[in-house]
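Naming convention: chains lettered A, B, ... in sequence-line order (proteins, then strands); numbering from 1 in each chain.
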There are 2 protein chains.
Amino acid sequence: MQVNDRKMKVLQAIVDDYVTTNEPVGSKTLIERHNFPVSSATLRNDMAELERMGLIEKPHTSAGRIPSDRGYREYVDSLMTVDQLTEEEREDISRRIDTTVYEARDLLKNASAALSETTGLVSLVMTPRLAGSSLLQLKLLMIEPGKALVVMVLSAGVVKDKVVRIPNFLTPEQLKDISDSVEKSLNGKPLDEITLVTLATSVKTTKIPDSLLNQVLYETYTAIKQADRLDVYLEGEHNMLKLPDFSELRRAQNLLGTLSHDGMVAGYVNEIEKEKTGGDDTYMIRIGQEIALEGLEDCSFITTTYKIGDTISGNIGVIGPKRMDYSKVISQIDFVRYKINEQIKNING
Amino acid sequence: MQVNDRKMKVLQAIVDDYVTTNEPVGSKTLIERHNFPVSSATLRNDMAELERMGLIEKPHTSAGRIPSDRGYREYVDSLMTVDQLTEEEREDISRRIDTTVYEARDLLKNASAALSETTGLVSLVMTPRLAGSSLLQLKLLMIEPGKALVVMVLSAGVVKDKVVRIPNFLTPEQLKDISDSVEKSLNGKPLDEITLVTLATSVKTTKIPDSLLNQVLYETYTAIKQADRLDVYLEGEHNMLKLPDFSELRRAQNLLGTLSHDGMVAGYVNEIEKEKTGGDDTYMIRIGQEIALEGLEDCSFITTTYKIGDTISGNIGVIGPKRMDYSKVISQIDFVRYKINEQIKNING
DNA sequence: GATTAGCACTCTTGTTCTTCGAGTGCCAAA
DNA sequence: TTTGGCACTCGAAGAACAAGAGTGCTAATC
């Protein structure tokens, strides 16, 4: 139907205009900027209809229209076209990421910084989801009497460690004995299948009294459990203050206040990930009210998945105002993800 | 001299009032709130004199006075009385810090969070200065062909590690050989005395070709050098948005923008530390223009030193508006430092 | 039925003007 | 040295007003 076609074009034009100008867009400006082959009165009718459909709304009677959350959703789902970055843009991002790093963690930090700088928004990087990855090595190193370092090597070369307490009089030899035994019994096991019970029953060493052994095993277990904790790194929060969307102090306060609770953000992104339907290279987009976190009603999340090897993955993305250039940001995230995956191969290759 | 006494009392009253009310204080309100045994006209004369001395200033002709940077300085140096925290306050802080952690790093993060929450300001924690600490252990662990983990144990049980590249065909045994040799040659050396040259000349192992050895040594060296990098953790930036001092968006932008450059802040705190004159439990205070960082003209730094063992120390403190309750904040920092030192002893004892 | 011109109406934004009040500086007297 | 008194300054807050952008609706037109 031609009419509906035009209505959608109008919605698209409204989103495009509003995103760039940050001003409610009226029928007249719409005509001026996009060359619709109809009059402003017709557009007014269309806009009234779009409003009835819940896709746009007006801040007050005599202002233009702005997209509603559902309007953005429609835009993102059906109207938007994602285009390639220019060569310069790609090079710019590459330059920011391509420093020689040998640890996934550093690479992700680089990528996060690059993402926040190029988008001018808040970048978000989740640490890799390690629960499903396998424990390839585990070593207990004596640091000093009573303290040991648990070093774990997981699939795809991810390394984690933690300092733990051990009985004071345990000798380095005894520790090594336990270490070897633990390593042997856990070798290749996925992290989330390791429980204190399996650990205690499978480790056998006759030379060390059970009470000591159990204490070490317990500490080792806590180290393993801690290894798969999900963290989130946010960067570029101050960028939000530059956006007119948060020029009202209250909004900025709410936003940054909520973002300071890393755990909440991490949890939410994790949830989004679970609800994901598409493949690894699809985007998860949450707009405005769709976001269940207080203070983020005027924001959108765009996240996607990066991979470390075949088994380990994590999320990367941005948090920005609803009123953002979705298309551009998506291609930026896409390219950053591409760079991450590429570099991870370098590190692990 | 009695007169000067009163003038200083006036300055003190102005600072106290301004800090609590955030409003320029005039002669009349001064009389009302503090019971000066003189008339408002007399205070006006005193204030004119204080202004001539550069200790207070007026935002505009018909407003009251506010302390100048030098006024705050005078207040902090000579007028302020630091009083003990109440039992509840101490308990509150204790509760926030006293979780069982076995790594200094985690303890410091806890402390930082506690500090930012109790002060309502931005807390600042520097990683410990490790340059002067000694290398007690160094191990190279094979992660997978071509990748090794350098684990370093420094004085006072501080552990650092880094993943490095090694030649692909190096065997675990060869790596162990190098590792033992490196450890023997560096044992007990202060980090900052270790150079690539000393490393290369002192390590002897006949079984491995020089070119391979040197590559490993170089990577080990970078790991050692990276270990003593100073980082800074800032927490509670969003608190600043709640303060009326930064209700002007521009100020908030500048502030958060600058604080996002971790390196700059770290460098500056490091500088302050160098200029320090008193002992470890004294405070370093920098007020307004004294701070050489752009965007922090309306802020003050208060930092002090925590210790890990006898040789290692670091800084902890807050960044807040010039207009803050110096006395209160100082006693809060003091108590947090006390808790850190206490807990570190627990960890290392 | 879709489109358009026209027009009355609404509501924000910016400007100007005014008033109010807190605070100052200074003078002359105590 | 202190004080009462007074003229003066300046920002904050509010009222009044005009301008402008945009809408909805109606009646005519394609």
[X] [atom1] to [N] [atom2], straight-line distance once rounded to whole Å:
| X | N | atom1 | atom2 | answer |
| --- | --- | --- | --- | --- |
| E57(A) | dT23(D) | CD | P | 14 Å |
| E49(A) | dG24(D) | CD | P | 12 Å |
| L43(A) | dG22(D) | CG | P | 12 Å |
| F36(B) | dT1(D) | CZ | P | 18 Å |
| L50(A) | dT23(D) | CG | P | 12 Å |
| R33(A) | dG22(D) | CZ | C1' | 14 Å |
| R6(A) | dT4(C) | CZ | C1' | 12 Å |
| D46(B) | dT24(C) | CG | P | 12 Å |

- Query: Stepwise, does the side chain to side chain donor-acceptor pair (under 3.5 Å) test hold for Q289(B) with D69(B)?
  - Reply: CA-CA 7 Å; Q289(B) 306 279 0; D69(B) 287 6; 4.7 Å; no
- Message: Any base atoms under 4.0 Å from T29(A), or only sugar-phosphate, or nothing? Heavy atoms, all strands.
- Response: sugar-phosphate
Within the 4.5 Å heavy-atom criterion, are [X] and [Y] side-chain neighbours or not?
| X | Y | value |
| --- | --- | --- |
| T258(A) | M264(A) | yes |
| Y18(A) | P67(A) | yes |
| Q84(A) | F335(A) | no |
| C299(B) | D245(B) | no |

- Can you label the angle between the F301(B) ring and the Y268(B) ring as parallel, tilted or perpendicular, going by 30° and 60°? perpendicular
- Do nucleotides 8-20 of chain D as a string where each nucleotide becomes B, S or -: B if the base has a protein heavy atom under 4.0 Å, S if just the sugar-phosphate does, - if no protein is that close. -BBS---------
- Note on the structure: Whether each nucleotide of nucleotides 25-30 of chain D has a protein heavy atom under 4.0 Å at its base (B), only at its sugar-phosphate (S) or at neither (-) is summarised, 5' to 3', as ------
- Sub-4.0 Å heavy-atom contacts from residues 15-28 of chain B onto DNA chain D, ordered by number: none
- Item | Carboxylate-amine/guanidinium contact K9(B) D5(B), below 4.0 Å | no
- Message: So that I can tick it off, tell me whether R286(A) and E275(A) are bridged by a salt bridge, with the cut-off set at under 4.0 angstrom between side-chain N and carboxylate O.
- Response: yes
- Task: Tell me, please, which residues at least two apart from D334(B) pass side chain to side chain contact (heavy atoms under 4.5 Å, CB included).
- Result: Y283(B), R337(B)
- Message: Once side chain to side chain contact (heavy atoms under 4.5 Å, CB included) is applied, do any residues pair with R52(A), and if so which ones, sequence neighbours excluded?
- Response: A48(A), E49(A)
- Query: Do you know which of E74(A), R65(A), R70(A) makes side-chain contact (heavy atoms from CB on, under 4.5 Å) with I56(A)?
  - Reply: R65(A)
- Task: With L124(B) as reference, evaluate L115(B), V269(B), I302(B) under the side-chain contact (heavy atoms from CB on, under 4.5 Å) test and give the passing residue.
- Result: V269(B)
- At what distance, to the nearest 0.5 angstrom, does CD of E248(A) lie from CG of L249(B)? 10.5 Å
- Distance test, side-chain N/O of K58(A) to OP1/OP2 of dG24(D), below 4.0 Å: yes
- Query: By a strict heavy-atom criterion of less than 4.0 Å, which residues belonging to residues 244-252 of chain B are in contact with DNA chain C?
  - Reply: none
- Are there more than 12 heavy atoms of other residues, nucleotides or ligands under 6.0 Å from atom NZ of K328(B)? no
